[in-house]
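Here's the structure, in structure tokens; my notes come after.
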Amino acid sequence: MRYLKAFLLFSIVLIASSCMTSSGRNRGSLSDAMDKSRDDYEEERDVPDNPDPWWEREEEEERQRSNSPQTSNFGSGGFSSLMVLVRGGYEFAGDPFFDTGYDGEILVGDRVGRRGEVYLYAGFNNLETNPSHSVSESIKGDVLNLGVGVEGRFYPLSGMSYFSPYILGRMGGFIMFWEFKNALDAGGYEIDSDMLGGMMIGVGAGIDLIRTDSFKLGIAIIPELSLYGEETGQGFTNDYFDSQGITRITAEAGFSF
């Protein structure tokens with residue numbers, strides 16, 4: 001399909017942007033920050049506050065890229081039609097960090113050939129900390145994920161307008177936001193919250209209860225694996241979060257425009 005390259009290129013840009021949470025400061029390890037945020041920590045909640053030379057190099061490279069001529073691979077044609085879906089559901093999270101939560105997404109895409117569909121998605125996940133893990137003693141309230149990415153679907157029985165099954169694969173980036181239970185002191189600068197980016201991959205299956213050229217209604221189950229990045233937005237080296245498994249039960253509906 002003529003729009004597939006545009007979908008993939010735009011998705012890569014969104015995913016890369018969501019994973020960049022690095023700071024211009026080096027503030028030690030995230031596990032140390034989590035420990036000092038706990039209510040039962042009895043010493044000073046100071047953390048390092050040092051410049052990060054790596055960040056300065058990145059800023060210089062970014063300035064050089066912004067001064068370079070830009071080219072575009074997009075054609076002059078527009079989209080003939082787009083399917084816009086709204087998806088929402090509930091999550092069953094595996095150990096170790098988070099328990100159940102809820103989510104919502106908007107998907108925009110189109111059909112690829114007779115049996116495929118490709119979508120860009122953007123959405124959020126709201127997760128509760130696992131009370132049996134120490135993360136619940138360091139984070140206040142729930143954790144919010146904002147994610148973007150691309151989802152592809154394959155319909156083995158593409159001619160069915162009702163109860164049409166499909167399998168799916170998805171890949172994206174996310175940024176996770178949280179608030180420390182107790183603020184940390186970084187050389188006079190108070191840190192009460194932080195964020196961490198990462199990558200998500202998932203596979204799943206669903207069924208479109210109704211699937212026409214103009215309307216879609218369906219349900220899906222989607223196991224996902226989140227892989228967290230190496231540095232938080234406040235400059236802590238991530239030695240705390242590694243991976244998290246989540247299974248989503250969702251329903252969706254949408255129209256073609």
Side-chain angles (χ1 to χ4, degrees), residues 15 18-50 52 54-55 89-104 123-149 171-202 222-249:
I15 292 168
S18 71
C19 294
M20 293 300 294
T21 59
S22 296
S23 166
R25 313 299 295 178
N26 184 349
R27 295 195 168 111
S29 68
L30 181 58
S31 59
D32 180 61
M34 288 291 192
D35 187 48
K36 291 179 178 177
S37 172
R38 296 169 53 156
D39 288 334
D40 59 359
Y41 189 80
E42 298 179 352
E43 301 179 22
E44 297 294 329
R45 304 183 192 273
D46 297 339
V47 294
D49 185 37
N50 303 313
D52 192 338
W54 174 85
W55 181 264
Y90 205 69
E91 300 174 341
F92 298 89
D95 291 338
F97 307 108
F98 306 113
D99 279 345
T100 56
Y102 56 89
D103 64 77
F124 72 91
N125 308 66
N126 190 84
L127 296 172
E128 301 174 2
T129 56
N130 186 345
S132 64
H133 192 278
S134 62
V135 67
S136 62
E137 302 177 15
S138 302
I139 290 180
K140 180 190 300 184
D142 295 342
V143 174
L144 175 66
N145 274 16
L146 299 181
V148 294
M171 179 179 69
F174 65 86
I175 301 179
M176 178 176 72
F177 300 87
W178 72 87
E179 185 177 356
F180 289 112
K181 271 200 170 181
N182 293 280
L184 308 173
D185 183 10
Y189 175 76
E190 187 175 272
I191 301 174
D192 55 11
S193 61
D194 207 347
M195 61 182 180
L196 179 64
M199 296 287 295
M200 182 282 302
I201 54 176
I222 311 172
E224 296 177 347
L225 177 65
S226 297
L227 304 173
Y228 298 97
E230 297 180 353
E231 186 178 346
T232 74
Q234 292 287 2
F236 296 109
T237 300
N238 178 28
D239 60 347
Y240 192 85
F241 295 106
D242 46 19
S243 62
Q244 172 78 45
I246 294 173
T247 299
R248 309 172 62 194
I249 308 295

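Computed from a predicted model, the values in this text were never measured in an experiment.
- Phe124 meets the ring-ring contact (aromatic ring centres under 6.0 Å, His included) test with no other residue; sequence neighbours excluded.
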Give the C-alpha distance, both sets of side-chain angles, the deciding distance and a yes or no for ring pair (Phe, Tyr, Trp, His ring centres under 6.0 Å) between Phe98 and Trp178.
CA-CA 12 Å; Phe98 306 113; Trp178 72 87; 9.0 Å; no
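- Between Leu225 and Leu227, the closest side-chain pair of non-hydrogen atoms falls below 4.5 Å.
- Applying the side chain to side chain donor-acceptor pair (under 3.5 Å) rule to Tyr228 yields no partners; only residues at least two apart in sequence or on another chain are considered.
- Looking at Ile139 and Phe97, their side chains never come closer than 4.5 Å, going by heavy atoms from C-beta outward.
- If you take OG1 on Thr232 and CD1 on Ile191, they are separated by 8.0 Å, rounding to the nearest 0.5 Å.
- Contacts of Glu137 classified as salt bridge (charged side-chain N to carboxylate O under 4.0 Å, His left out), with partners at least two apart in sequence or in another chain: Arg38.
- Of the N and O atoms on the side chains of Tyr240 and Ser134, at least one donor lies less than 3.5 Å from an acceptor on the other residue.
- Considering only residues two or more places apart in sequence or on other chains, Asp192 meets the side chain to side chain donor-acceptor pair (under 3.5 Å) condition with none of them.
- Residue Lys36 holds its NZ atom at 10.0 Å from OG of Ser31, rounded to the nearest 0.5 Å.
- For Glu128, the salt bridge (charged side-chain N to carboxylate O under 4.0 Å, His left out) test picks out no residue, with sequence neighbours left out.
- For Phe177, there are no ring-ring contact (aromatic ring centres under 6.0 Å, His included) partners two or more places apart in sequence or in a different chain.
- Formation of a donor-acceptor pair under 3.5 Å by the Ser243 side chain with backbone atoms of Ser226 is not found in this model.
- Judged purely by atom type and a 3.5 angstrom limit, Ser138 has no side-chain atom pairing as donor or acceptor with the backbone of Val135.
- Pairing each heavy atom of Pro96 with each of Asn130, the nearest pair is O-ND2, 3.2 Å.
- Here the CD-CG distance, from Glu224 to Asp103, works out to 8.0 Å after rounding to the nearest 0.5 Å.
- Taken from CD in Glu231 to OG1 in Thr237, the straight-line distance is 6.0 Å, to the nearest 0.5 Å.
- Leu127 places a side-chain heavy atom less than 4.5 Å from the side chain of Ile246.
- Residues Phe180 and Ser37 come closest through the heavy atom pair CB-OG, 3.3 Å.
- Contact annotation: the side chain of Lys181 never approaches that of Tyr41 to less than 4.5 Å [non-hydrogen atoms, C-beta and beyond].
- Between Asp142 and the options Asp99, Thr129, Asn125, Asn126, a side chain to side chain contact (heavy atoms under 4.5 Å, CB included) holds for only Asn126.
- The 12-atom threshold is exceeded at OH of Tyr90, counting heavy atoms of other residues, nucleotides or ligands nearer than 6.0 Å.
- Annotation: the span from Ile249 atom CD1 to Glu91 atom CD amounts to 10.5 Å, rounded to 0.5 Å.
- Taking CE from Met195 and CE from Met176, the interatomic distance works out to 11.5 Å, rounded to the nearest 0.5 Å.
- Considering every non-hydrogen atom in both Ser29 and Phe236, the closest pair reads O-CD2, 3.6 Å.
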